[in-house]
Amino acid sequence: MQNKMERISIKDAKNKIGETVKLAGWVDVRRDHGKLIFVDLRDASAKVQMVVTPDKKEIHKTVETIRPEWVIEIEGKVNKRPEKMINLDLLLGEIEIEVEKINILNSAKTPPFEIETDGYDVDEEIRLKYRYLDLRRERLQKNLRVRHEAIKFIRDYLSSQNFIEVETPLLTKSTPEGARDFVVPSRLQPGKFYALPQAPQQYKQLLMASGIEKYFQIAKCLRDEDTRGDRQPEFTQLDLEMSFVEKEDILKLNEQLIIDLVKKIMPSKKIQAMPFPRLSYKEAMEKYDTDRPDLRDNKNDSDMLAFCWIIDFPMFKKTDKGEWTFTHNPFSASRKEDQQKLLNKKDIDKIIAEQYDLILNGFEIGGGSIRNHQSKLLKSTLEIIGLSDKNIKENFNHMLEAFEYGAPPHGGIAFGIDRFIAILQNEPNIREVIAFPKTGDARDLMMSAPSEISKEQLKELGLEIKKKK
Ligand code: ASP
């Protein structure tokens with residue numbers, strides 16, 4: 001019995017000149033030249049031109065009916081294209097497939113927009129509603145692939161340095177990162193709510209108290225922010241924490257990770273300065289009037305990456321109401337020389353945090369700090385920002401207590417993966433590198449989320465919706 005022919009990826013047809021292969025994918029475009037019909041076939045790996053000659057009557061008839069985005073399977077011979085038809089702009093521009101068998105796997109309605117373009121000019125609401133079609137675009141396929149490669153690189157790199165990836169819960173309790181929490185009602189504990197994590201901050205610190213020493217996670221973070229610039233209510237961070245380290249260790253490790261990643265994944269990019277320049281918050285504000293300076297010498301060079309670290313941030317700032325709040329993260333430690341100020345709650349405006357941000361081409365792509373690993377220091381911070389004893393007990397007791405059972409000194413950082421990939425891919429916004437992003441006002445147009453829930457669900461949860469007046 002003859003073996004069933006195995007499907008190969010279109011890109012592998014390149015090395016099969018003279019052989020018969022089986023391919024499957026989507027019809028990209030069909031060009032009908034009367035006698036000859038050309039069809040571009042596309043799969044996840046590449047595109048190839050197929051040709052149907054008039055002597056293959058049955059196939060010719062079938063191919064006349066097929067339209068863009070139909071799903072087909074074919075068998076055909078891989079031929080070298082005639083010299084004058086070679087197109088070196090295409091990956092497979094030197095070959096074409098002479099179709100010998102065709103099988104239609106599914107038909108397709110006419111898509112609401114063109115797929116073979118880059119899609120920038122298509123109304124974004126329509127792109128997001130039909131995201132599964134939008135993602136068929138070569139540009140977006142590439143973005144998701146680069147994103148995968150970057151994340152794989154990070155996982156391999158950190159694993160080789162003895163980090164382990166640990167998953168932390170999504171159903172948890174509020175952890176302040178300066179935004180609002182998304183909350184989830186509890187059915188089993190009526191009237192109570194989980195908060196979705198704004199970041200795995202407390203868990204990663206508790207993992208240090210657990211003796212893990214080197215943790216990372218490709219983590220989803222959820223923040224219920226007002227529509228503000230290019231933000232998403234859920235986004236992905238590389239979240240990382242280490243024990244027995246100082247600021248210098250964390251900066252060094254992460255700088256090398258980024259440099260190696262860019263060299264491996266994006267060899268066409270140039271890093272303007274290595275080691276990355278470091279500026280204190282004060283210097284940055286004085287010189288550039290921003291703590292996210294764009295240091296590129298030539299801002300029109302789309303391959304230029306100008307990183308810089310901003311360090312020595314003030315630990316606290318005043319709110320509009322004149323109260324103290326943390327500038328970055330309530331868990332950050334002060335510089336050693338400012339510890340007494342923190343404990344005595346004196347000269348609060350002069351306390352400098354062991355906090356660092358990584359800026360790339362004017363965007364903040366990462367930030368982190370050395371943490372307070374002693375209860376009294378964390379408690380003092382929480383008191384300075386005006387939390388009552390009751391509030392501290394209810395919300396932070398687990399941290400204060402954990403630090404009393406031998407927590408090692410520790411610190412960490414988190415990188416915004418979406419922003420970093422968007423910059424590497426020269427994309428104007430992070431939605432272009434997220435498979436299923438939400439609109440600026442946090443709707444998923446494809447799934448129609450958020451949506452109402454049934455009366456029964458509300459009752460089970462002990463919730464009632466008040467009509468807006
Ligand atoms: N939790 C911080 C953030 O999400 C990062 C860190 O301090 O590690 O921005």
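In listed order, ligands and their atoms are each counted from 1. Reckoned from all heavy atoms, side chains included, excluding hydrogens, waters and symmetry mates.
- For S388, the side-chain contact (heavy atoms from CB on, under 4.5 Å) partners at least two apart in sequence or on another chain are K390, N391.
- Polar contact with ligand 1: present for R223 (N/O pair, distance under 3.5 Å).
- A cation-pi contact, defined as under 6.0 Å to the ring centre and within 45° of the axis, links K318 to W324.
- Taking the side chain as every heavy atom from C-beta outward, S380 and K345 approach each other to under 4.5 Å.
- Taking atom 7 (O) of ligand 1 as the reference point, the nearest protein heavy-atom neighbour is R371 NH1, 2.8 Å.
- Listed by number with element, the atoms of ligand 1 under 4.0 angstrom from any heavy atom of G368 are 6 (C), 7 (O).
- For atom 5 (C) of ligand 1, the closest heavy atom belonging to the protein is G367 O, 3.4 Å.
- For atom 3 (C) of ligand 1, the nearest non-hydrogen atom of the protein is E177 OE1, 3.3 Å.
- Looking only at atom types and distance, the side chain of Q201 has a donor-acceptor partner in the side chain of N329 under 3.5 Å away.
- When non-hydrogen atoms are compared, ligand 1 lies under 4.0 Å from the side chain of A199 (C-beta onward) but not from its backbone.
- Taking a cut-off of under 4.0 Å to the non-hydrogen atoms of I413, the atoms of ligand 1 that pass are 8 (O).
- Applying the salt bridge (Lys or Arg N to Asp or Glu O under 4.0 Å) test to K299 and every residue at least two apart in sequence or in another chain returns nothing.
- D239 and Q217 are not linked by any side-chain donor-acceptor pair at a separation below 3.5 angstrom, with hydrogens and angles left out of the test.
- Residue contact check: K204 has heavy atoms under 4.0 Å from atoms 6 (C), 8 (O) of ligand 1.
- Ligand 1 lies less than 4.0 angstrom from a heavy atom belonging to Q237.
- A donor atom on one side chain and an acceptor atom on the other are found under 3.5 Å apart for E427 and Y120.
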